[in-house]
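Here the structure comes first, spelled out in structure tokens, and everything after it is commentary.
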Amino acid sequence: MARFLIIANWKMNPRTYREAEGLFLAVRKGMQKNNKVGVVICLPLIWLIDFSRKYKSLVAFGAQNVFWETAGAYTGEVSPQMLKSSGVSHVIIGHSERKIYLGETDEMINKKVKAVFVAGLKPILCIGERERSGREVPSIVGEQLKKALEGVKKDKIRNLIVAYEPVWAISTMPGACPDTPDNAFRAAIFIRKVIADLYGLTAAKAVRVIYGGSVSSANTAVFLKEGKMGGALVGGASLDASEFIEIVKVAGRC
Ligand code: PGA
């Protein structure tokens with residue numbers, strides 16, 4: 001298992017197929033084999049399947065969303081099994097933008113996490129407080145995590161990736177700024193404590209906790225080293241190929 005995981009979340013970007021292919025190829029060109037760092041690109045579904053089939057690559061492919069049923073009358077949705085059979089290995093679940101703009105609830109997130117595990121995909125579960133409030137962080141994050149994991153069996157937990165992503169730190173939020181490595185470190189300890197309470201110490205140690213929110217090549221090292229994070233979820237900066245490549249290189253040097 002790679003020591004660090006750097007995950008690109010392109011969100012609903014870029015605007016055209018041409019631009020997306022250009023960005024993907026530029027990123028792919030800059031990737032060097034490095035066992036220490038795993039890279040996952042989560043691009044819009046419309047191109048994800050195409051690229052994952054077309055381009056043999058050093059990077060893994062992730063989706064930004066999924067539905068919880070296997071097949072059926074669910075217009076517009078895509079199942080975990082469909083993603084799996086198309087070469088996708090990871091899925092972002094519970095991103096704050098889906099909660100804010102699409103009304104995704106804890107219950108839906110929980111169903112998605114369970115379905116993704118059944119299909120053998122790795123969930124990148126996003127949790128984080130909405131306001132920069134300080135004291136309430138552990139309880140908010142703990143609640144989100146517990147609800148997301150309700151009914152998930154212990155043997156699945158080692159494939160879980162938890163992205164601690166304070167919503168106020170996401171670069172597109174008004175007044176956003178990255179969290180401190182100290183704070184992220186504390187949140188990660190708390191996340192492991194919740195998992196230890198639910199599944200035991202071994203499971204808590206095995207889970208990868210990564211940080212997201214205004215990650216750039218300038219702050220990657222502090223989050224990985226001082227914050228002891230297992231990687232990063234990168235939004236805005238992943239749309240600039242050279243910046244994203246630099247983030248991966250920085251991780252390789254940590
Ligand atoms: P950001 O986004 O890196 O642009 O802050 C991160 C995310 O929303 O996943």
Separation between [atom1] of [X] and [atom2] of [Y], rounded to the nearest 0.5 Å:
| X | Y | atom1 | atom2 | answer |
| --- | --- | --- | --- | --- |
| D240 | E246 | CG | CD | 10.5 Å |
| L45 | N65 | CG | CG | 8.5 Å |
| I41 | W47 | CD1 | CH2 | 14.0 Å |
| M229 | C254 | CE | SG | 13.0 Å |
| K122 | S89 | NZ | OG | 7.5 Å |
| Y211 | L224 | OH | CG | 12.0 Å |

[X] [atom1]: over 12 foreign heavy atoms closer than 6.0 Å:
| X | atom1 | result |
| --- | --- | --- |
| R253 | CZ | yes |
| E69 | CD | yes |
| R158 | CZ | no |
| L102 | CG | yes |
| K205 | NZ | no |

**Request:** Check the pair Y17, D50 against side-chain hydrogen bond (donor to acceptor under 3.5 Å, both in side chains), reporting the backbone distance first and the verdict last.
**Result:** CA-CA 10 Å; Y17 181 94; D50 185 33; 2.5 Å; yes
**Request:** Carefully, step by step, assess L125 and I109 under the rule side chain to side chain contact (heavy atoms under 4.5 Å, CB included).
**Result:** CA-CA 9 Å; L125 173 65; I109 291 166; 3.7 Å; yes
**Prompt:** Given the rule in the side-chain hydrogen bond (donor to acceptor under 3.5 Å, both in side chains) test, do K249 and N34 qualify, once you have shown the distances and angles that lead to the verdict?
**Reply:** CA-CA 9 Å; K249 281 189 186 154; N34 182 342; over 6 Å; no
**Request:** Using the side chain to side chain contact (heavy atoms under 4.5 Å, CB included) rule, take K36 and F4 through it: C-alpha gap first, then chi angles, then the decisive distance, then the call.
**Result:** CA-CA 6 Å; K36 200 169 161 190; F4 300 117; 4.0 Å; yes
Are any of the side-chain heavy atoms of [X] and [Y] separated by less than 4.5 Å?
| X | Y | value |
| --- | --- | --- |
| I210 | Y164 | no |
| T180 | N183 | yes |
| T105 | M108 | yes |
| V116 | I93 | yes |
| F117 | L160 | yes |
| V207 | Y199 | no |
| T16 | P14 | no |
| V248 | M31 | yes |

Is it the case that one hydrophobic cluster holds both [X] and [Y], taking links as side-chain heavy atoms less than 4.5 Å apart, direct or via other members?
| X | Y | result |
| --- | --- | --- |
| I170 | I92 | no |
| V209 | I127 | yes |
| I6 | V250 | no |
| M82 | W68 | no |
| V215 | L23 | yes |

Between [X] (side chain) and [Y] (backbone), is there a donor-acceptor pair under 3.5 Å?
| X | Y | value |
| --- | --- | --- |
| S86 | R53 | no |
| R208 | I161 | no |
| N110 | K147 | yes |
| N219 | S214 | yes |
| Q64 | V91 | no |

**Request:** Compare every heavy atom of A26 with every heavy atom of A241, then report the nearest pair and how far apart it is.
**Result:** CB-CB, 3.6 Å
**Prompt:** Which is it for F223 and K228 under the side chain to side chain contact (heavy atoms under 4.5 Å, CB included) test, yes or no, and what are the steps along the way?
**Reply:** CA-CA 6 Å; F223 282 110; K228 305 252 182 301; over 6 Å; no
**Request:** Might you work through the side-chain hydrogen bond (donor to acceptor under 3.5 Å, both in side chains) test for E104 and H95, ending with a clear yes or no?
**Result:** CA-CA 9 Å; E104 203 159 287; H95 193 281; over 6 Å; no
**Request:** Only one of L233, V40, V37, I124 passes side chain to side chain contact (heavy atoms under 4.5 Å, CB included) with L5; say which it is.
**Result:** V40
**Prompt:** Please walk me through it: do I195 and L145 pass side chain to side chain contact (heavy atoms under 4.5 Å, CB included)?
**Reply:** CA-CA 8 Å; I195 294 173; L145 188 56; 4.0 Å; yes
**Request:** Assess the pair F61 and F51: is the distance between their ring centroids shorter than 6.0 Å?
**Result:** no
**Asked** Any Lys/Arg nitrogen of K54 or E21 sitting under 4.0 Å from an Asp/Glu carboxylate oxygen of the other?
**Response** yes
**Message:** Between E150 and K114 (salt bridge meaning N to carboxylate O under 4.0 Å), is one present in this structure?
**Reply:** no
